[in-house]
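Just below is one structure, and these are the notes that go with it.
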Amino acid sequence: MPPRNHKKWLATPKIEYISSECYNNYEIYEQEIEHIFAKVWVPMCHKSEMANKGDFRSSQIAFQNVVAVNHGDNIKVYLCPQIDRLTGNGISVDGLTELHSGVQHGGMVWVTLDPNPTQSIDEWTCGAFDCIAEAIDTEEMEVFHYHKSIIDTNYKLWHDTNSEFYHDFMHYHNRVTGFNDAYFARKNIPFDNGHVNVSSFTVQYEEYEGFEDRGELSFPNLPPNQWYMVDLFPGFNFNLRGSAYRSDSVTPLGPNKVLIEFRGYGLKKDTPEERATRIEHHNSIWGPFGRNLHEDLIGVAGQGTTMREGTEARRILHGRHEGGTIHDEVGMRHYYAEWGKHLGVSPENPLGHAVEDDMVVAAE
Ligand SMILES: [Fe+2]
């Protein structure tokens with residue numbers, strides 16, 4: 001095979017790809033805020049974080065301050081330009097603009113900045129939660145863990161790490177507890193609006209030294225030791241590992257900076273002993289000092305470094321076709337088709353460079 005010199009490295013492959021310029025251009029970032037984050041339904045928090053009448057939870061979406069307020073018989077979300085209103089006990093919502101919102105999919109508080117949303121929450125999520133609905137909607141859930149990370153990387157690289165699974169080779173835990181025939185048969189299933197979910201298999205926790213079977217505390221209607229994931233466009237992930245549930249929410253802070261909020265959930269009815277076990281199960285995989293989460297964070301920080309603004313554009317290949325199974329890149333292709341539609345650009349060439357025909361050669 002001839003050496004892959006600089007010209008070959010930059011050549012256009014004959015398989016699916018996107019440009020690294022999707023990840024590091026400031027104008028694209030601004031377009032994403034305006035045309036994606038200011039339009040879509042965002043799962044901003046969980047109702048258990050504001051359990052009592054008068055409780056509130058603030059956040060920021062597309063540079064707008066928003067606040068979710070528990071009014072006792074319902075939860076409403078408002079634009080809240082003056083953040084100092086949130087200090088002290090409770091909040092007066094007089095004069096605040098109410099946003100479209102709702103509580104769905106396991107008690108998440110959803111809101112959109114769009115004053116005239118064309119889709120309801122259900123129409124937006126369009127079936128992506130069906131695979132875990134009976135597990136997360138049968139019993140009330142409760143947030144037991146919250147932490148956030150600010151990472152020098154593009155928000156889409158975090159969503160990518162939840163969407164492509166070939167990086168599982170990086171995770172020692174997943175190599176040991178998975179990677180059997182059932183793991184490789186898991187399916188990536190695309191849904192409208194850019195969403196994907198990943199079907200389950202039985203995780204062999206006892207294969208990992210010091211870990212044990214997690215079947216006893218499985219969520220309702222869930223066989224023991226299952227692992228489902230829901231990847232919701234444009235950057236929200238819901239991850240059910242049998243006895244514990246996790247959600248990730250991204251807030252882009254720049255082309256190469258993202259705030260990620262991580263929440264862990266148990267069941268409201270848990271006994272203190274059950275809750276302690278769920279927390280241990282959650283933290284052993286997903287806590288800041290757990291087995292997997294920091295590996296993902298190191299991975300996306302490295303990707304962010306290599307693709308930061310000013311680096312030479314290169315192609316990110318999405319060419320794996322494996323019948324929609326776990327390492328197939330169908331989820332990546334599905335996401336970026338939707339992303340390009342929202343921005344009115346081609347992810348292969350988001351800045352619209354002139355393409356030279358002689359650069360088009362087959363990938364080797
Ligand atoms: Fe990972």
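Ligands are counted one by one from 1 in listed order, and the atoms in each one are counted from 1 as well.
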State plainly whether the residues Lys257 and Asp152 are in salt-bridge range, i.e. N to O under 4.0 Å.
-> yes

Between the side chain of Asn188 and the main-chain N/O of Thr325, is any donor-acceptor distance below 3.5 Å?
-> yes

Not counting sequence neighbours, which residues clear ring pair (Phe, Tyr, Trp, His ring centres under 6.0 Å) with Phe129? List them please.
-> His105, Phe238

Non-hydrogen side-chain atoms of Asn197 and Met229 separated by less than 4.5 Å = no

The side chain to side chain donor-acceptor pair (under 3.5 Å) partner of Trp158 among Asn237, Thr153, Asp248 is Asp248

Flag the pair Lys269 and Glu274 as a salt bridge only when some basic side-chain nitrogen lies within less than 4.0 angstrom of an acidic carboxylate oxygen.
-> no

Taken by chain and residue number, the protein N/O/S atoms under 2.8 Å from the Fe ion (ligand 1) read His167 NE2, His171 NE2, Asp296 OD1, Asp296 OD2

